[in-house]
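Everything numeric here is computed off the predicted structure, so don't read it as measured data.
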Amino acid sequence: MKNFALAGNPNCGKTTLFNSLTGSTAHVGNWPGVTVDKREGIYKKCEQPVNIVDLPGIYSLSPYTPEEVISRNYILKEKPDCVINIVDATNLERNLYLTTQLLEMDVPVVVALNMMDVVNKEGNDVDAEKLELALGVPVIKISALKGSGLKELMNRAYAETENPRKGRSVISDKTVDKIIDSCRKDLEAKNIDNALFYALKLVEADELVVNTYPEVAEKVKKYTDKTEDKTFGKDFEALIADARYKFISSECSSAFIQNEKNKKTNMSKSDKADKVLTNRILGIPIFLIILFAVFHLTFSENFLFIGALLPEGWVSCAGTAFEGVFGDGGINSPGVILFNLLDLTTSSISDAVASAMETSGASAWASGLLVDGILGGLFAILSFLPQILLLFLFFSILEDSGYMARVAFILDRIFRRFGLSGRAFMPMIMGFGCSVPAMVNTRTLADEKERIATIRVIPFFSCGAKLPILTAIAGGIVMQFGIGNADVITYLMYLLGIVVAIAAVLIMRATTMKGEVPPFIMELPAYHLPQFKSLMLHLWDKVKHFVKKAFTIILASTIVIWFISHFSWSWGYLPDENIDSSILAGLGQLFQPIFTPLGFGSQLGKWGWVFVVAAVTGLIAKENVIATFGTLAACITAGFVADESLEGIDSVVQMISATGITVPALIAFIAFNMLTIPCFAAVATAKAELPGKKSFNMTMLFWVVTSYLVSAMVYTIGSWWWTLFIWLAVWATAITLIVLNNLGKLKIPSRKKIKEVN
Amino acid sequence: MRIFEILLIVVCVAVVVGVITAAAINKKKGKHGCAGCTGCCSACKGCSYNETKREKAYSKQKTDL
């Protein structure tokens, strides 16, 4: 099978083209650096099926970043039958820089002028024939998004594979022409493929190539030592880069036909929007408002705060079909309406199963296992699916529209002060969806210490799996204590995660992870309306995995939890009322004292162990926290209320009543679950992505210590306001010590020296 | 004990054993599965551990041009 590689600048539409050609559903984002690894798919509409390889976006073939190494090595080593170079036609000159380098390789190249729909919409055009003449390879106009020109592109690419191609240089500079040609001949004499490419890289003093061909490199060195350019001196890399741009400017730029009107007004719509959205002063407040609006639409039981304008008890729908639409004071947000609808359905199923069990004369344990254990645990989680999807939909819209790339730009200014570049924000934002791909995405960060620090704080950006914890407990606080709004509490908890992440990075970069902050250069993509298909694919991915997880790991966990909560250490069955003598209770009670400083330890008495058990089961998958409540709530209720299945928020309310837990302790419980060791999958990914075992062990310790400290702070300050001053004094001392140490005024003996003294 | 109750226990045991076995097999194959992941799979190489490890050693590739 023939192999075609897709190569191009970041965010030029490679993955969109890859998806269009192969029918794949690879993640597409409107920001540079979505693809950090190559992926493959099959195109079936040519004479023979073709294997398509989507390479990460690169600006050049110099090995400065992992993506550049992956792409360059693939083309040089795997020798694809054709390279399809995707060029963003809205940004022709800059994109052609990579093209000039691809042309130097001994591989057929076809240039795909992507985003022609946008170019034409703006009244501009590109003369493909003129460009084809200048480059010497086929140039095809396409729109990966609209699917136009793809067939022609693939047919031309397929035809090109029949004609072997020798590399061609566009460099025309008398200072280097001779030496490039001489090196090429030397390499060709040794039967080395891509001789021209390597010859140019030797003149550019590319470290990898110099080490591979030391004899030819020596020859180049002798020449460069005695040669000097008037403008660039001995910087031959800059000289060659300049020569490439001179070629693009003289031979290719005129192929872009700009509308007369556009020539006068250089400001695009995106530029105009950016004047406001990336404004130095307004940028961050706008971001916070947008974020709040997203949470309000998803979690609020008082949509648009309309309840404040309405008289009390203006509508009473309790017990009617509209119960889920109207909250206590006003109208529910779309997220809450969907949640209530699903909750109503799951409750009906639970009730129907319970009554069927009763009618069939099933024993109490069987009914308890099926209704309270399995269904209670599963439905406690599944009922949050609409809110998770809605939140994810909003994040996808913000990402696809190009706004999130702006946020990275806005936050770079702040991040830089804390020792991170704005580039680290992208993996963090991905962390709102799931920590696993977010940690993988940190490969785009060049500085290793910055990468480690980013991996460590990614779990603080609350992922979809943690959402049920936030929503259920926030809902429980509102229902039981009548404090605040669920959306405000959830929003503030998300912000707490972000603040802790920033503070943690600040401390790390000032102590163990010191290093220079690499410059952040990112091309801001043009704003565009998110693609409906892409959004739906994101959501479908989410639904598929959520349901799959619910019916595997969560289901298995609820069964195990139910069993060990209904058997004593002597393996005797325990009815619901006696589960505080169970194996699970025993284990929970053993660890309960550890959580006393966090508010959900020994002070909770008889049922306090449930919170400890929930936090521990959350280490398998975060959804287990609320699934555990769902499984155990009905059993605890059996002690004082008639048997009923409890799900989601109701189960939390029941736990609050049974344990007498306070609001600060509940907030501390959320904080602990948000910040502690993430789920198994994220831990495994962190282990794979971190550079060594020591670094991984330190990361695990970091998660435990941070979650414990922050939760203890939240609980103690919330319970006794004056402890704020104690915490402030502790932090002030710690910061002072760090600053003094960094100024060299504090001499801490190293471990080695201490050993020597002993 | 009724048939229904026996069946319930069998199903429960099968689910738990199945999930644990699947996780163990995946781990042996070098995949950690999606136990804690709620999506974004298309963007994620977390489950393709062999590849991840290979790419992780990109610095090795650097010297192996």
Side-chain angles (χ1 to χ4, degrees), chain A residues 24-27 29 34 36-37 63 66 69-70 73 76 208-209 211-212 360 362-363 365-366 369-370 374 388 392 430 433-437 439-441 443 463-465 537-538 541-542 544-546 548-549 552-553 555-556 559-560 563 620-622 678-685 688-689, chain B:
Chain A
S24 301
T25 56
H27 182 93
V34 181
V36 291
D37 207 344
V69 174
I70 291 170
N73 279 2
L76 291 173
L208 305 185
V209 185
N211 292 337
T212 316
S360 64
S363 54
W365 73 262
L369 170 60
L370 190 60
I374 297 174
I388 292 174
F392 197 69
M430 282 182 97
C434 176
S435 297
V436 173
M439 284 177 181
V440 177
N441 198 269
R443 289 182 201 173
C463 70
L537 284 174
H538 282 212
D541 256 359
K542 211 77 180 156
K544 214 167 51 180
H545 286 271
F546 194 85
K548 184 183 160 194
K549 205 162 104 181
T552 50
I553 193 93
L555 178 60
I559 292 169
V560 172
F563 268 99
I620 302 168
K622 289 294 165 191
C679 62
F680 280 176
V683 170
T685 310
E689 296 297 324
Chain B
M1 205 180 258
R2 292 169 175 223
I3 292 177
F4 163 75
E5 290 166 355
I6 296 168
L7 204 68
L8 185 63
I9 292 177
V10 170
V11 170
C12 287
V13 172
V15 168
V16 175
V17 172
V19 168
I20 294 170
T21 314
I25 291 170
N26 278 341
K27 201 177 174 189
K28 212 166 184 182
K29 277 184 180 172
K31 300 173 182 177
H32 64 68
C34 290
C37 174
T38 51
C40 307
C41 233
S42 46
C44 166
K45 281 275 175 182
C47 301
S48 313
Y49 250 25
N50 292 330
E51 264 191 58
T52 311
K53 277 181 183 161
R54 195 156 56 83
E55 294 303 345
K56 189 185 168 191
Y58 83 91
S59 50
K60 276 187 183 174
Q61 283 187 9
K62 272 187 167 183
T63 53
D64 183 32
L65 191 74

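Neither the backbone nor the side chain of B/Ile20 comes within contact range of chain A; no heavy atoms are under 4.5 Å apart. Residue contact with chain A, scored on non-hydrogen atoms closer than 4.5 Å, involves the backbone and the side chain of B/Val16 alike. Of the atoms belonging to A/Ser435, not a single heavy atom falls under 4.5 Å from chain B.
Taking CH2 of A/Trp365 as the start and CG of B/Leu8 as the end, the distance is 5.5 Å to the nearest 0.5 Å.
Scanning both residues, A/Met439 and A/Glu689, for their nearest heavy atoms gives O-CG, 4.0 Å. Nearest approach of B/Cys12 to A/Ile559, heavy atoms of both residues: CB-CG2, 3.7 Å.
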- Run the numbers on A/Phe563 and B/Val13 for side chain to side chain contact (heavy atoms under 4.5 Å, CB included), then give the verdict. CA-CA 11 Å; A/Phe563 268 99; B/Val13 172; over 6 Å; no
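Options A/Pro678, A/Ser363, A/Ala362 differ in how many heavy-atom pairs under 4.5 Å they form with chain B, and the most are formed by A/Ser363.
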